[in-house]
Amino acid sequence: MDFAFDARTEELRNKLLAFMDDYVHPAEKTDREQRALLASPWDTPAVVGELKAEARRQGLWNLFLPDAEYGAGLTNLQYAPLAEITGRSPHLAPTALNCAAPDTGNMEVLFQFATDEQKKQWLEPLLAGEIRSAFAMTEPDVASSDATNIETRIVRDGDDYVVNGRKWYISGAMNPDCAVFIVMGKTDPDGADIRRQQSMILVPRDTPGLEVRRAMQVYGYEDHSHGGHAEVVFHDVRVPAANLIGEEGGGFAIAQARLGPGRIHHCMRLIGMAERAIELMCRRAVERTAFGKPLAQQGVVQNWIADARVTVEQLRLLVLKTAWLMDTVGNKGAHTEIQAIKIATPRAVVDILDSAVQLHGAGGVSQDFPLAELWASARTLRLADGPDEVHQRSLARREIKRYL
């Protein structure tokens with residue numbers, strides 16, 4: 001691996017750092033103030049639209065998609081340091097750059113598996129930032145960490161499919177701009193191959209029978225920047241058969257293709273969150289005095305900051321190696337490393353954020369600092385895209401298999 005940024009990465013990185021300093025960080029307070037005045041908590045503050053317009057003007061748009069026709073044409077290795085920078089303000093920056101989940105994963109699915117007509121109807125407006133989307137997979141009545149448990153039914157009826165099921169924590173579903181759901185369900189629940197029972201289908205939001213029942217909180221937060229996380233019920237929802245993504249039985253494979261890039265993108269942003277936590281710790285440590293000397297001179301505080309720096313450097317190298325492998329040998333060839341970063345990064349960043357909260361005392365759990373919300377986001381990522389234990393189980397099996 002060459003650890004130096006290439007010329008294009010360096011150029012984009014410098015532009016993005018300036019964009020963060022000049023526009024995103026100053027907008028964080030404005031976003032909170034404007035959101036408090038909105039008629040609905042799910043409406044988008046005006047400042048977000050202004051950020052998106054500026055990001056697009058500067059060419060900082062759709063950086064996540066490695067296709068030059070639809071996206072920026074960056075490799076995973078080129079995108080990694082850029083995603084890290086956006087992680088410093090994860091509730092504003094990814095949205096401003098049109099690089100926010102769940103839209104990124106949905107756009108990747110549509111890019112890889114959709115028909116030309118589906119791309120025109122849904123992918124192009126998503127890439128333009130004209131609409132938002134949701135990904136409907138997780139269910140409350142089964143252990144969704146095992147995707148083969150999904151119970152939502154997608155049944156063929158003539159020229160249509162009929163969808164019935166109940167989902168929850170469906171990211172993006174509360175956003176008024178959410179125009180389409182990618183829904184995972186079973187088209188062949190009795191099939192011999194449990195990984196060929198599932199399919200994915202496009203369901204427009206205004207389809208009769210689709211009910212967005214309620215918003216789900218995440219550690220007490222509503223997570224407005226993601227468009228919320230909703231409980232959604234599909235009751236005899238009828239859509240054309242042409243809305244099927246790929247082929248019947250291809251849903252599990254599509255989900256795996258979607259989650260690979262999603263997992264590494266989350267880890268990239270988590271490193272940015274950790275960097276911001278270290279910065280806040282250092283600023284707090286030099287500004288505050290306790291027991292007769294600055295916090296920066298307290299041994300325990302020095303240990304927290306030193307351990308955080310070592311951890312971030314380790315995580316960054318593992319993430320960059322994973323990105324490099326995804327570019328050179330593909331997602332399948334990088335499977336072990338993708339699982340490794342998904343296990344290691346959220347867990348370690350939660351610890352760093354916890355130390356930062358502790359150092360800030362009451363301020364750390366308040367709305368006056370971003371730490372509590374960052375902690376909630378990082379802790380949630382130990383569940384999202386597969387819980388730690390699922391990845392540990394799979395990774396261990398691959399390791400042990402070499403000795404059987």
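A quick note: this is a predicted structure, and the numbers were derived from the prediction, not measured.
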Let me check something: any side-chain donor-acceptor pairs from residues 249-258 under 3.5 Å, sequence neighbours excluded? List them with distances.
unit_1: Arg258; atom_1: NE; unit_2: Asn106; atom_2: OD1; d: 3.3
unit_1: Arg258; atom_1: NH2; unit_2: Pro102; atom_2: O; d: 3.2
unit_1: Arg258; atom_1: NH2; unit_2: Asn106; atom_2: OD1; d: 3.1

CZ (Arg398) with more than 12 external heavy atoms under 6.0 Å: yes
Apply salt bridge (charged side-chain N to carboxylate O under 4.0 Å, His left out) to Glu399 and list each qualifying residue two or more places apart in sequence or on a separate chain. Arg402
Can you list every side-chain hydrogen bond (donor to acceptor under 3.5 Å, both in side chains) pair that touches residues 283-302, not counting sequence neighbours? Glu279-Arg283
Test applied, salt bridge (charged side-chain N to carboxylate O under 4.0 Å, His left out); reference residue, Asp388; option that passes from Arg382, Arg379, Arg393: Arg382
Sequence neighbours excluded, every pair satisfying ring-ring contact (aromatic ring centres under 6.0 Å, His included) that has a member inside residues 136-171: none
If you count every heavy atom of other residues, nucleotides or ligands that lies below 6.0 Å from Asp21 atom CG, does the total exceed 12? yes
Apply the test side chain to side chain donor-acceptor pair (under 3.5 Å) to residues Gln112 and Glu108: give CA-CA distance (whole Å), side-chain angles for both, the deciding distance (0.1 Å), then the verdict. CA-CA 6 Å; Gln112 292 185 64; Glu108 286 163 345; 5.7 Å; no
Going by atom type alone, with no hydrogens or angles, which donor-acceptor pairs under 3.5 Å involve a side-chain atom of residues 361-377 and a protein atom two or more places apart or on another chain?
unit_1: Ser366; atom_1: OG; unit_2: Gly363; atom_2: O; d: 2.8
unit_1: Ser366; atom_1: OG; unit_2: Asp368; atom_2: N; d: 3.1
unit_1: Ser377; atom_1: OG; unit_2: Glu373; atom_2: O; d: 3.1

Residues two or more places apart in sequence or in another chain: which of them pass ring pair (Phe, Tyr, Trp, His ring centres under 6.0 Å) with His391? none
Show me the donor-acceptor pairs, under 3.5 Å and distance only, between side chains in residues 170-179 and residues at least two apart or in other chains.
unit_1: Ser171; atom_1: OG; unit_2: His229; atom_2: ND1; d: 2.9
unit_1: Asn175; atom_1: OD1; unit_2: Asp177; atom_2: N; d: 2.8

According to salt bridge (charged side-chain N to carboxylate O under 4.0 Å, His left out), who are the partners of Arg309, at least two apart in sequence or on a separate chain? Glu275, Glu313
Could you list all the side-chain hydrogen bond (donor to acceptor under 3.5 Å, both in side chains) pairs where at least one residue sits in residues 338-358, not counting sequence neighbours? Gln339-Ser394
How far apart are the closest heavy atoms of Leu92 and Val24, and which atoms are they? CD1-O, 4.0 Å
With Glu337 via salt bridge (charged side-chain N to carboxylate O under 4.0 Å, His left out) - residues at least two apart: Lys321
Determine, for Arg166 against Asp141, whether the closest basic-nitrogen to carboxylate-oxygen distance falls under 4.0 angstrom. yes
Inspect the surroundings of CZ in Arg195 and state if more than 12 heavy atoms from other residues, nucleotides or ligands are less than 6.0 Å away. no
Quick note, ring-ring contact (aromatic ring centres under 6.0 Å, His included) partners involving residues 60-82, not counting sequence neighbours, are Tyr70-Phe111, Tyr79-His265
Partners meeting ring pair (Phe, Tyr, Trp, His ring centres under 6.0 Å) with His91 (sequence neighbours left out): none
